[in-house]
J.: 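My questions all concern the structure below.
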Amino acid sequence: MNIENQHHDSPRIFISVCEASGDKHAGALVTEILRQLPTAQISGVGGPDMAAAGCTVLKTTVDKSAMGLAIFGKLSIFMALLKFIKGELKRHKPDIIIVVDSFAFNSHVARSGRALGIPILYYIAPQLWAWAPWRIKKLKKTA
């Protein structure tokens with residue numbers, strides 16, 4: 001996929017990260033994207049590593065991650081965040097959405113982008129095989 005040859009000179013990229021480890025990887029990715037495509041406009045949800053690399057972080061998410069039953073205590077936060085992201089995707093329609101790990105949340109981000117016709121890239125795909133291999137079908141539907 002060559003986002004450099006889209007309809008404008010400055011490709012718009014949206015990145016979604018929910019965890020500190022994903023933020024570190026996304027920060028390195030943003031650095032490399034901007035090295036190769038200095039006019040790229042990168043925004044998204046994530047953390048300080050993404051911001052330091054040059055991404056416009058619209059919402060900080062790395063301090064909100066949760067696993068297991070703890071997710072239920074933060075469900076309203078995640079629902080509001082997803083609503084915010086959907087609005088951003090509709091308003092600014094990026095050329096590509098990059099989701100980093102966090103399948104439980106980012107599968108919804110990917111589905112929202114796909115519904116708008118935006119290509120999705122899973123950067124560091126979730127480790128579905130390790131604990132829920134049946135979810136591969138769900139991943140294929142969002143990609």
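Because the structure is predicted, anything quoted here is derived from the model rather than measured.
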J.: What's the shortest heavy-atom distance between Ala26 and Ile15, and which atoms?
T.: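 Heavy atoms only, the tightest pair is CB-CG2, 4.2 Å.
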
J.: Using side-chain contact (heavy atoms from CB on, under 4.5 Å) as the criterion, list what pairs up with Leu58, not counting sequence neighbours.
T.: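 By the side-chain contact (heavy atoms from CB on, under 4.5 Å) rule, Leu58 matches Phe14, Ser43, Thr56, Phe84, Glu88.
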
J.: Do the non-hydrogen side-chain atoms of Val99 and Tyr123 ever get within less than 4.5 Å of each other?
T.: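 The answer is no; the side chains never approach within 4.5 Å.
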
J.: Using a 4.5 Å cut-off on heavy atoms from C-beta on, say whether the side chain of Pro48 contacts that of Val62.
T.: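 When only atoms from C-beta onward are counted, Pro48 and Val62 do touch, with a gap below 4.5 Å.
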
J.: Taking side-chain contact (heavy atoms from CB on, under 4.5 Å) as the definition, give me every residue that meets it alongside Ala40, ordered by chain and number, with sequence neighbours left out.
T.: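 Expected list: Pro11, Ile13, Ile33, Leu34, Leu37, Ile42.
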
J.: For the residue pair Ala53 and Thr31, what are the closest heavy atoms and their distance?
T.: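 What the structure gives for the nearest pair is CB-OG1, 3.4 Å.
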
J.: State, yes or no, whether a side-chain contact exists between Val17 and Val45 at a heavy-atom distance under 4.5 Å.
T.: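 No, their side chains stay 4.5 Å or more apart.
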
J.: Indicate yes or no: at least one non-hydrogen side-chain atom of Lys86 is less than 4.5 angstrom from one of Leu82.
T.: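 Of all side-chain heavy-atom pairs linking Leu82 with Lys86, at least one is under 4.5 Å.
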
J.: Sub-3.5 Å donor-acceptor pair from the side chain of Asp101 to the main-chain atoms of Gly22, do we have one?
T.: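 No, the answer is negative, given that no donor and acceptor are paired below the 3.5 Å cut-off.
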
J.: Would you indicate whether the side-chain heavy atoms of Pro94 and Leu89 approach each other to under 4.5 Å?
T.: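 Of all side-chain heavy-atom pairs linking Pro94 with Leu89, at least one is under 4.5 Å.
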
J.: What are the two closest non-hydrogen atoms of Tyr122 and Phe103, and how far apart are they?
T.: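 What the structure gives for the nearest pair is OH-CE1, 4.3 Å.
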
J.: Can you tell me which residue pairs pass the salt bridge (Lys or Arg N to Asp or Glu O under 4.0 Å) test with a partner in residues 36-50, sequence neighbours excluded?
T.: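 For residues 36-50, and leaving out neighbouring residues, the salt bridge (Lys or Arg N to Asp or Glu O under 4.0 Å) pairs sorted by first residue read Lys24-Asp49.
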
